[in-house]
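Inspection log for the structure reproduced underneath, given as structure tokens.
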There are 2 protein chains.
Amino acid sequence: MPDLLTIGELSARSGVAPSALRYYERLGLIRADRTGGNQRRYARVELRRVAFIRISQQVGVSLDEIREALDSLPEARTPSPQDWARLSASWRSRLNERIRLLTKLRDDLDGCIGCGCLSLQRCTLNNPEDTLAGEGPGARLVLPRPTDDPTLAGSLS
Amino acid sequence: MPDLLTIGELSARSGVAPSALRYYERLGLIRADRTGGNQRRYARVELRRVAFIRISQQVGVSLDEIREALDSLPEARTPSPQDWARLSASWRSRLNERIRLLTKLRDDLDGCIGCGCLSLQRCTLNNPEDTLAGEGPGARLVLPRPTDDPTLAGSLS
DNA sequence: CCTTGAGTTGAAGTCCACTTCAACTCACAC
DNA sequence: GTGTGAGTTGAAGTGGACTTCAACTCAAGG
């Protein structure tokens with residue numbers, strides 16, 4: 001009735017290597033029952049946990065944070081669709097932020113391709129007389145003032 | 001006249017740790033002249049190279065590939081803005097692909113939040129009678145047939 | 001001169017997410 | 001009952017991108 005999966009079956013169905021599944025178990029991300037002969041047997045819910053792990057990794061979340069998130073699932077009952085939805089939703093802003101940063105990087109690159117200045121975030125400010133300044137689709141500042149990231153903010157020539 | 005930078009100055013102006021700059025040099029990403037006392041002195045063009053390295057890393061390119069790209073710069077003359085523009089442009093499709101994947105992931109997440117199925121790419125297909133199916137902004141397949149990624153494509157329940 | 005902060009080196013360490021290995025044991029079809 | 005493919009363990013290895021360390025030298029102001 002419980003219809004348990006071997007590690008090979010879970011691996012095949014999740015696309016995650018057995019060694020990775022054992023690693024996840026060591027980190028407390030998933031769990032397994034054991035047969036009399038000490039082999040792992042996974043409940044079907046572990047399939048969802050693995051799916052959540054892989055999705056979260058794509059979002060850019062570390063295994064440590066994923067573990068924390070999974071720890072917030074109710075222990076008493078099988079997690080409901082709403083439980084999973086809550087966890088997934090918790091990565092939304094992170095995902096949006098990553099998308100926003102990459103999009104901004106792309107736009108800045110587009111905007112800077114004409115001048116080749118590579119300074120991004122600054123080239124139009126540093127070259128107010130530039131023929132490309134203030135036109136076209138590129139290099140718009142999205143944030144009020146990105147003073148938080150000094151990495152590439154300095155002058156470069 | 002050449003106005004060379006010490007490693008500390010390059011570090012301060014690029015936001016990259018001195019140890020990282022030495023590491024980049026070992027990998028052949030940047031170069032430095034030496035003083036009589038064997039200290040590094042960087043030409044200003046290295047500032048651009050470091051900027052290009054950090055930008056490329058944000059795009060998700062490995063140092064090895066960045067080195068290859070930098071190797072394609074002309075050795076005879078100082079790289080022109082057009083040279084830098086060409087290199088930056090070479091990451092464009094990669095950046096677009098990353099943005100596309102993350103955006104798709106977000107839309108899939110949004111689309112799946114109602115059902116909590118976590119299968120993504122498949123939930124609407126697997127649940128044609130789902131009240132959420134076929135509407136809203138989520139879970140649209142962008143590629144003709146993403147058969148390439150079996151990772152989470154299997155059934156999950 | 002001399003002090004002091006900045007710079008030099010190679011080797012080793014770190015962190016993350018795994019994979020590989022050797023030496024076993026289990027489960028199941030025949 | 002036996003062969004075989006699947007599973008077990010802890011320890012060690014991998015790869016990328018650095019950082020840290022110890023032991024030393026350089027450069028520049030007072």
Side-chain angles (χ1 to χ4, degrees), chain A residues 2-43 46 49-70 91 94 98 151-152, chain B residues 2-43 46 49-70 91 94 98 151-152:
Chain A
D3 197 15
L4 301 171
L5 303 168
T6 66
I7 195 168
E9 288 164 346
L10 181 57
S11 173
R13 296 188 60 172
S14 66
V16 174
S19 61
L21 293 173
R22 295 193 192 97
Y23 177 66
Y24 291 165
E25 185 176 336
R26 279 224 315 282
L27 298 189
L29 292 159
I30 57 177
R31 60 168 300 283
D33 295 325
R34 295 300 179 117
T35 64
N38 198 37
Q39 294 198 353
R40 289 173 180 82
R41 287 299 180 271
Y42 296 93
E46 300 305 317
R49 291 178 78 100
V50 174
F52 178 74
I53 291 165
R54 302 307 272 209
I55 289 168
S56 303
Q57 285 187 310
Q58 287 184 64
V59 177
V61 181
S62 70
L63 290 182
D64 211 58
E65 282 185 286
I66 296 170
R67 188 189 43 69
E68 284 177 33
L70 286 170
W91 301 149
R94 196 182 297 229
R98 278 169 59 80
T151 309
L152 294 163
Chain B
D3 197 15
L4 301 171
L5 302 167
T6 67
I7 195 168
E9 288 163 348
L10 181 58
S11 173
R13 296 188 59 174
S14 66
V16 175
S19 61
L21 294 174
R22 294 193 192 98
Y23 178 66
Y24 292 165
E25 186 176 336
R26 280 223 316 280
L27 298 190
L29 293 159
I30 56 177
R31 60 168 301 284
D33 296 323
R34 296 300 179 116
T35 64
N38 198 37
Q39 295 198 353
R40 288 172 181 82
R41 287 298 181 273
Y42 296 94
E46 301 305 316
R49 291 177 77 99
V50 175
F52 177 74
I53 292 165
R54 301 309 272 209
I55 288 168
S56 304
Q57 285 187 309
Q58 286 184 63
V59 176
V61 181
S62 70
L63 290 183
D64 211 56
E65 282 185 286
I66 296 170
R67 188 188 42 70
E68 283 176 34
L70 287 171
W91 303 148
R94 196 181 298 228
R98 278 170 59 81
T151 310
L152 294 163

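In this text the structure is predicted, and so the values were computed from the model without any measurement. Every heavy atom of this structure was used, including side-chain atoms; hydrogens, water molecules and symmetry mates were not. To find a chain, count down the sequence lines: A is the first, B the second, and so on, and within it residues start at 1.
At a threshold of 4.5 Å between non-hydrogen side-chain atoms, the residues B:Y23 and B:L29 do not count as touching. Residues B:Y42 and B:E25 have side chains in contact (heavy-atom distance under 4.5 Å, counting atoms from C-beta outward). A:T6 has its side chain out of reach of A:Q39: every pair of non-hydrogen atoms, C-beta onward, lies at least 4.5 Å apart.
Between A:Y24 and C:dC18 there is a side-chain N or O to OP1 or OP2 distance below 4.0 Å.
Between the P atom of C:dA17 and the CD atom of A:Q58 lies a distance of 14 Å, rounded to the nearest Å. Atom OH in B:Y23 sits roughly 13 Å away from atom C1' in C:dT14 (whole-Å rounding).
Atom-to-atom distance recorded for B:R40:CZ and B:L4:CG is 14.0 Å, nearest 0.5 angstrom. Interatomic distance, B:L27 CG to B:D64 CG, rounded to the nearest 0.5 Å: 8.0 Å. In this structure, CG in A:L70 is found 7.0 Å from OG in A:S56, a value given to the nearest 0.5 Å.
Remark: B:E65 engages B:V61, B:S62, B:R94 in a side chain to side chain contact (heavy atoms under 4.5 Å, CB included) (not counting sequence neighbours).
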- Would you sort out whether A:R49 and A:E46 count as a side chain to side chain contact (heavy atoms under 4.5 Å, CB included), showing the intermediate values? CA-CA 5 Å; A:R49 291 178 78 100; A:E46 300 305 317; 3.3 Å; yes
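Nucleic acid contact class of A:R34 (heavy atoms, under 4.0 Å, all strands): sugar-phosphate only. As judged by a 4.0 angstrom heavy-atom cut-off over every strand, A:R40 is placed among residues touching the sugar-phosphate backbone only.
Contact footprint of chain B on DNA chain D: nucleotides with an atom under 4.0 Å from a non-hydrogen protein atom, first to last in 5' to 3' order, D:dA17 to D:dA27.
With DNA chain D read from its 5' end, the first of the two nearest nucleotides for A:R22 and B:L27 is the one closest to A:R22.
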Using atom names, set out every protein N or O paired with an N or O of nucleotides 25-30 of chain C below 3.5 Å, distance rounded to 0.1 Å.
| unit_1 | atom_1 | unit_2 | atom_2 | d |
| --- | --- | --- | --- | --- |
| C:dC26 | O4' | A:Q39 | NE2 | 3.3 |
| C:dA27 | OP1 | A:T35 | OG1 | 3.0 |

